[in-house]
Amino acid sequence: MASYNEIIEELRGKLGDSPEENEKILREEAEKFAKAGNKEGFDAAESLIMENIPEERRNEIIRITHVDGVRLDKMYAQVVELMKNKEYVEAKKVAERLYKKIVVEFKEGENNKFVSLRNPFEENFYQIIFKPEKELIRAPFDFSEYITAYAYIMIETGSPLDAIPILEKAIEFNPVDCGPKFELAEVYKLLKNRRQVEIITRETLRVASSPVALARCYANMGYSLTDAGEFEDAAAFYTASVMFEPNPAIPYEMQLLADRKGSPIVRPTRDRIVEVLEKYDMRFGPNPEIVQIASQLAAYYLNEKDIPNALKAMKLTYNLTLDENIKKLILKYDPNAVQYSSRELEAQKKAAEGRNITQTVNENPEE
């Protein structure tokens, strides 16, 4: 990987005499580096952007993206480091300052709104699902992630109720990110608020774009329904969960379910699972719009001969559908591709047959 100085020189070579065109080029490069997780490349591009814009504008950008001379992403890095060391009291102080800066400087306007959408899939999905009427402005950093971390710290320091409006703000910055929604579900589970668990799970299922996300949604409902004494319905949700992503924790939850019921749990059929989910106005499987958007993006990128992005879209589609034709297409462009999730076809079939939960399921309900 090229060094910071090498990237700087490479980027300088792409610039011309027009400040406006240079800024456009550098912002596109910064976005590419960000998506690739290349921190040095992103920093190099940002540095050149600041170098090439007028001083008055530069000062304004610094004002809104820094706190006491520290850039917001650097502040977040401090928060993450403190969290790793479980220094939550200190982390809370930094995260609170970061949060206040974000909500003041990047608040929603009358005609526009800042968003932290992370990739083309999220951008397209957001437009189709939420149909925003306001102009969307790309936030300079992933504020949804930053704010979710602050909420997590609030929970860890004993303030789950205070975490709720913080998580709602994180969701505003990226409504198609499951992360803050899952944290909100955890808060409502902690507060034993079954109604709110249902509401946020329903919202999360609408945007869940991976087997892991779908499985977690169903598991959350299983937990909530167990707590509410709805044992048969809980069993259906837990079974749906392992059908999408086998999880070693689910057998223990099923055992708890059987213990609380006081009798063996009858393994629900697929039809019964679908019926129970529909009872709670939830679907079994991904939102069809997600699959459609991913497929369309794959086709678009293939047409543009952008193979890396095409593969990302195809892998997302395959993970949700297990379509063998898509798998063949992926292997055509990436012969060394590994399994794209632990939800391999055979594991999925076994889960669908209920073999992951036989320790707690009565295979002979008539007995």
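In what follows, every heavy atom counts, from backbone to side chain, and hydrogens, waters and symmetry copies are set aside. Since we're looking at a predicted model, the values are computed, not measured.
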Residues R206, E289: salt bridge by 4.0 Å N-O rule: no
Neighbour count >12 (heavy atoms, 6.0 Å) for atom CD, E304: yes
Shortest non-hydrogen contact between D306 and N309, atoms and distance: OD2-ND2, 2.9 Å
Main-chain N/O of A170 paired to S144 side chain as donor or acceptor, under 3.5 Å: yes
ILVMFWY network linking I199 to L225, side-chain heavy atoms under 4.5 angstrom: no
Electrostatic pair K279-E275, nearest N-O below 4.0 angstrom: no
Min side-chain heavy-atom separation I273-L277 under 4.5 Å: yes
Donor-acceptor pair, side chain of N22 and main chain of G16, under 3.5 angstrom: yes
Ring pair (Phe, Tyr, Trp, His ring centres under 6.0 Å) partners for Y280, two or more places apart: F237
Side chains of I166 and T148 in contact at under 4.5 Å (non-hydrogen atoms): no
F182-M154 co-clustered via ILVMFWY side chain contacts under 4.5 Å: no
Ion pair check, K86 and E156, cut-off under 4.0 Å: no
Carboxylate-amine/guanidinium contact K113 E172, below 4.0 Å: no
Verdict with reasoning, N5 to E9, per side-chain hydrogen bond (donor to acceptor under 3.5 Å, both in side chains): CA-CA 6 Å; N5 290 333; E9 292 307 311; over 6 Å; no
Presence of salt bridge, R195 and E198, under 4.0 angstrom: no
Sub-4.5 Å side-chain heavy-atom contact between V291 and T321: yes
Six-ring centre of Y223, K189 cation under 6.0 angstrom, axis tolerance 45°: yes
Linked, directly or transitively: V67 and L82 (ILVMFWY side chains, under 4.5 Å): yes
From V274, V276, L205, residue fulfilling side chain to side chain contact (heavy atoms under 4.5 Å, CB included) relative to M282: L205
Whether K92 side chain and I153 backbone form a donor-acceptor pair below 3.5 Å: no
Any donor-acceptor N/O pair, N85 side chain to E87 backbone, under 3.5 Å: no
Residue of the set Y146, F141, Y99, F143 for which ring pair (Phe, Tyr, Trp, His ring centres under 6.0 Å) holds with Y76: Y146
Close side-chain approach of V70 and Q78, heavy atoms under 4.5 Å: yes
With K14 via side-chain hydrogen bond (donor to acceptor under 3.5 Å, both in side chains) - residues at least two apart: E29
D227 bridged to R194 by N-O distance under 4.0 Å: no
Side-chain touch L184/T204, heavy atoms, less than 4.5 angstrom: no
From CA spacing to verdict: side-chain contact (heavy atoms from CB on, under 4.5 Å), I265, Y238: CA-CA 11 Å; I265 298 296; Y238 278 138; over 6 Å; no
Side-chain heavy-atom pair C217, K181 within 4.5 angstrom cut-off: no
Contact check, side chains of L117 and V176, non-hydrogen atoms, under 4.5 Å: yes
Side-chain donor/acceptor of K131 to backbone N/O of I128, under 3.5 Å: yes
Sub-4.5 Å side-chain heavy-atom contact between L214 and Y218: yes
Sidechain N-carboxylate O distance under 4.0 Å for R27, E23: yes
Shared hydrophobic cluster for I200 and L161 (ILVMFWY, side-chain gaps under 4.5 Å): yes
Any donor-acceptor pair under 3.5 Å from N174 side chain to S116 backbone: yes
Flag if over 12 foreign heavy atoms under 6.0 Å of OH, Y300: no
Same apolar cluster: I147 and I64, side chain cutoff 4.5 Å: yes
Pair F244 + F284: ring centers closer than 6.0 Å: yes
